[in-house]
Amino acid sequence: MDKIRSLTGMADYSEKSEKDNVAAKLFHVENSLKEIFKTFNINEIRTPALERTSLFQRSVGDFSDIVNKELYSFNDKNDRSITLRPEGTAGVIRHIVENNLESYSNKFWYMGPMWRYERPQKGRYRQFNQAGIEYLGYEEGLAELELISIVCLIIEKLNIKNSVIKINHLGNESTKAEFAEAIKNYFEPYKSSLDEIDIDRLESNPLRLLDTKNKDLQKVLRNAPLLTDFLPKSSIDLLNHIKASFQNVEIEIDPTLVRGLDYYNGFVFEAISNDLGAQSSFLGGGRYDNLSSQLGGKIMNSIGMAIGLERISEISNIETDEKNRASFIILAGVDHTKAYKMAHELRSLNENVILETHLHCSSLKAELRRANKCKSQMAFIIGEEELKNNKILIKDLKNESNEQKNVSYDELIKIYKNL
RNA sequence: GCGGGCGUAGCUCAGUUGGUUAGAGCGCUGGAUUGUGGCUCCGGAGGUCGUGGGUUCGAAACCCAUCGCUCGCCCCA
């Protein structure tokens with residue numbers, strides 16, 4: 001029989017896996033992020049992984065690559081087109097619009113898997129995890145400041161080195177249109193040298209040309225009109241204000257930063273690290289004031305961001321805080337239930353101890369090896385002798401120490417409580 | 001969707017111009033020590049050489065196809 005494999009680009013995350021410890025790191029990062037969100041009093045929201053395909057067409061945008069070629073879409077048994085969410089914002093806004101909550105202010109966070117049908121590479125998988133924050137019903141200004149404040153805190157708490165936060169402003173509707181027109185005019189003489197995709201993009205979303213990695217195009221862009229020259233003073237003030245507000249993390253105003261999801265307007269940002277390979281950005285977001293109305297709701301000024309959990313885990317340098325570890329060893333030939341009852345009681349006495357119960361009931365040597373392997377600092381051993389004398393053997397496993405002593409169950413409880 | 005690299009033990013990898021029974025380290029497991037871990041020594045298990053076809057007296061090696069992984073392009077977190 002053939003073995004069944006996981007799907008391309010979809011990984012298992014097991015804390016126990018030998019391959020470094022990406023899973024352990026991922027889980028730990030998830031916990032740290034939740035702690036940070038809590039300190040800002042942001043509420044959790046969970047929306048379904050499956051949504052109607054039209055939700056993403058109308059939010060993420062028909063012109064975006066995500067919708068054009070990366071959607072995991074299929075028809076359900078009722079022949080409706082449904083899609084595994086490629087990102088988290090659309091579902092949250094759908095929730096707001098569906099329940100007529102546009103006039104309330106809300107701060108939400110979410111965390112979970114997303115799906116995009118792409119060729120996998122470093123830092124990019126078909127199923128990947130994102131955490132996100134949405135500030136709903138907040139006008140431009142303090143909300144921008146607070147999101148960047150969160151980003152800075154994340155970078156500090158996760159001890160991320162060599163990262164830069166890039167910020168930019170896409171302007172308001174009229175300056176955005178003016179600038180788009182200027183870009184179109186500028187590229188007119190170069191049109192013959194552009195490839196098909198870029199020609200299409202020039203029509204549909206000319207700002208996307210700015211952040212190209214194409215070297216030739218970058219050369220052409222050197223003398224192109226600058227977004228900064230079209231921005232209203234308020235936008236430039238905001239960028240400078242944010243840049244000046246945070247000292248411990250590098251913040252750079254990057255006039256070429258534009259974002260791929262069509263719903264962004266106004267302030268946009270992205271954090272990058274050179275330690276990630278080609279997919280250097282590990283977090284990004286921006287303002288999306290028009291999204292709720294695009295989904296049939298009322299206007300709701302909002303800003304949000306998404307964090308790539310696999311990517312941010314890779315560059316985080318947090319230490320896992322080790323609790324006390326101990327091993328509870330039941331040897332061959334003893335009454336299991338009587339012995340195990342003790343382990344059960346011990347656990348309720350001190351929750352700072354990780355008590356591993358080795359359930360093999362084999363030789364003392366084998367059990368001590370297991371205890372050593374799982375880094376236990378001490379072992380509680382129950383064999384026939386101990387059971388007969390109502391004692392437990394406590395053995396110190398730290399380094400070369402060979403100390404051990406027989407104690408009564410009551411004495412063990414006292415020792416365990418103080419570990 | 002396009003391009004590069006790679007598939008040999010659970011993991012990391014050797015394997016000579018194509019030549020007999022495919023190896024090492026780590027890990028796992030047992031023993032040296034009747035109930036005492038780490039260090040040391042000795043033993044054991046574990047392989048359709050990704051899969052299918054071809055060339056050849058002979059293929060892990062060469063050719064073709066296919067699947068998978070990986071890195072990049074595009075794009076995004």
Side-chain angles (χ1 to χ4, degrees), chain A residues 2-3 5-9 11 16-20 60 63-70 86-89 111-133 195-198 200-201 205 208 211-215 217 258-261 264 269-273 276-286 304-315 327 329 331-334 358 360 362-379 381-386 393-404:
Chain A
D2 289 342
K3 280 184 189 169
R5 295 190 262 244
S6 69
L7 264 26
T8 293
K16 195 73 191 209
S17 92
E18 305 268 324
K19 287 183 192 167
D20 35 62
V60 177
F63 293 125
S64 70
D65 277 32
I66 291 180
V67 165
N68 270 330
K69 49 181 203 184
E70 297 170 5
E87 56 98 48
T89 303
M111 202 176 272
M114 310 291 164
W115 293 264
R116 292 181 198 174
Y117 196 93
E118 308 174 85
R119 274 292 288 277
Q121 66 186 69
K122 190 176 169 66
R124 203 182 69 183
Y125 312 98
R126 288 188 177 175
Q127 175 171 326
F128 60 101
N129 290 284
Q130 277 191 347
I133 297 176
D195 59 28
E196 267 181 55
I197 301 171
D198 286 332
D200 280 353
R201 198 169 281 153
N205 195 353
R208 299 281 312 129
D211 64 352
T212 182
K213 283 189 200 167
N214 180 324
K215 290 266 157 61
L217 203 53
V258 288
R259 302 194 45 78
L261 281 60
Y264 286 118
F269 63 98
E270 187 170 287
I272 62 165
S273 160
L276 280 171
Q279 312 303 319
S280 58
S281 120
F282 59 92
L283 142 187
M305 66 181 241
I307 305 162
L309 294 180
E310 282 81 359
R311 291 184 190 175
I312 204 170
S313 298
E314 184 157 335
I315 50 173
S327 282
I329 293 172
L331 293 180
V334 311
H358 300 280
H360 296 284
S362 46
S363 71
L364 180 56
K365 180 201 292 205
E367 296 293 358
L368 281 173
R369 270 192 192 155
R370 290 194 179 97
N372 196 57
K373 210 153 284 165
C374 75
K375 292 177 184 153
S376 285
Q377 286 153 11
M378 55 174 41
I381 301 159
I382 299 186
E384 282 177 284
E385 264 178 57
E386 286 76 17
L393 182 62
I394 300 183
K395 185 173 170 67
D396 188 349
L397 296 177
K398 272 173 280 182
N399 305 321
E400 283 154 40
S401 156
N402 276 313
E403 283 173 48
Q404 60 183 49

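Chain A is the first sequence line, chain B the second, and so forth, proteins listed ahead of strands; every chain is numbered from 1.
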Give one of base, sugar-phosphate or nothing for [X], where a contact means two heavy atoms less than 4.0 Å apart.
| X | value |
| --- | --- |
| A/Asp65 | sugar-phosphate |
| A/Ala306 | sugar-phosphate |
| A/Ile312 | nothing |
| A/Gly277 | sugar-phosphate |

I need the A/Leu276 CG to A/Ile315 CD1 distance, nearest 0.5 Å.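 Rounded to the nearest 0.5 Å, the CG-CD1 separation comes out at 4.5 Å.
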A/Leu331 side, atom CG; A/Glu384 side, atom CD - distance, nearest 0.5 Å: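 Output value for this atom pair is 8.5 Å.
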Side chain to side chain contact (heavy atoms under 4.5 Å, CB included), that's the test. Do A/Ser327 and A/His358 meet it? Break it down for me. CA-CA 7 Å; A/Ser327 282; A/His358 300 280; 2.8 Å; yes
Gap in Å between the two C1' atoms, one belonging to B/C42 and one to B/C57, rounded: 43 Å
Please state the P separation for the pair B/G30 and B/U34 - nearest whole angstrom.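 Looking at atom P only, B/G30 and B/U34 are 15 Å apart.
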When you measure from the side-chain N and O atoms of [X] to the phosphate of [N], is any distance below 4.0 Å, counting only OP1 and OP2?
| X | N | value |
| --- | --- | --- |
| A/Gln130 | B/A77 | no |
| A/Lys122 | B/G5 | no |
| A/Thr8 | B/C69 | yes |
| A/Lys365 | B/G30 | no |

From C-beta outward on [X], which listed nucleotide comes closest to its side chain: [options]?
| X | options | answer |
| --- | --- | --- |
| A/Ala278 | B/C74, B/G35, B/G72 | B/G72 |
| A/Lys373 | B/C73, B/U29, B/U36 | B/U29 |
| A/Gln279 | B/A77, B/U29, B/C73 | B/C73 |
| A/Lys69 | B/C75, B/C74, B/G35 | B/C74 |

[atom1] of [X] versus [atom2] of [N]: gap in Å, rounded?
| X | N | atom1 | atom2 | answer |
| --- | --- | --- | --- | --- |
| A/Glu314 | B/C71 | CD | P | 9 Å |
| A/Arg126 | B/C69 | CZ | P | 8 Å |
| A/Leu276 | B/C71 | CG | C1' | 14 Å |
| A/His358 | B/U29 | NE2 | P | 12 Å |
| A/Tyr125 | B/C69 | OH | P | 12 Å |

By nearest nucleotide on RNA chain B, pick out whichever of A/Ser281 and A/Ala366 is the more 5' one. A/Ala366
Where each residue is assigned the nucleotide of RNA chain B containing its nearest heavy atom, which of A/Glu384 and A/Phe128 is assigned the position nearer the 5′ end?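 By nearest-heavy-atom nucleotide position, the 5'-most residue is A/Glu384.
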Suppose we call a contact any N or O donor and acceptor under 3.5 Å apart; does that hold for the side chain of [X] and the base of [N]?
| X | N | answer |
| --- | --- | --- |
| A/Glu367 | B/U36 | no |
| A/Arg119 | B/G3 | yes |
| A/Arg5 | B/C67 | no |
| A/Gln404 | B/G35 | no |

Using Watson-Crick and G-U wobble pairs whose two distances are both under 3.5 Å, how do you write the pairing of RNA chain B as dot-bracket, with | for links to another strand? (((((((..((((.....[...)))).(((((.......))))).....(((((..]....))))))))))))....
Output yes when A/Arg311 and A/Glu314 qualify as a salt bridge under the 4.0 Å nitrogen-oxygen rule, no when they do not.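 Looking at A/Glu314 together with A/Arg311, the answer is no, because their closest N to O distance does not fall below 4.0 Å.
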Is there a side chain to side chain contact (heavy atoms under 4.5 Å, CB included) between A/Arg126 and A/Tyr117? Walk through the geometry before answering. CA-CA 5 Å; A/Arg126 288 188 177 175; A/Tyr117 196 93; 3.4 Å; yes
For A/Phe269, which residues count as a ring pair (Phe, Tyr, Trp, His ring centres under 6.0 Å) partner, sequence neighbours excluded?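 A/Phe269 satisfies ring pair (Phe, Tyr, Trp, His ring centres under 6.0 Å) with A/Phe267 only.
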For A/Thr89, side-chain contact (heavy atoms from CB on, under 4.5 Å) partners two or more places apart: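 Counting only residues at least two positions away or on another chain, A/Thr89 forms a side-chain contact (heavy atoms from CB on, under 4.5 Å) with A/Glu87, A/Ile93, A/Tyr110, A/Glu134, A/Tyr263, A/Tyr288, A/Leu291.
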Answer yes or no for this row: A/Phe282 ring on B/A77 base, centroids under 5.5 Å, planes under 30°. no
With the side chain counted from C-beta on, respond yes when A/Leu368 and A/Lys395 share a heavy-atom pair under 4.5 Å apart, and no when they do not.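 When only atoms from C-beta onward are counted, A/Lys395 and A/Leu368 do touch, with a gap below 4.5 Å.
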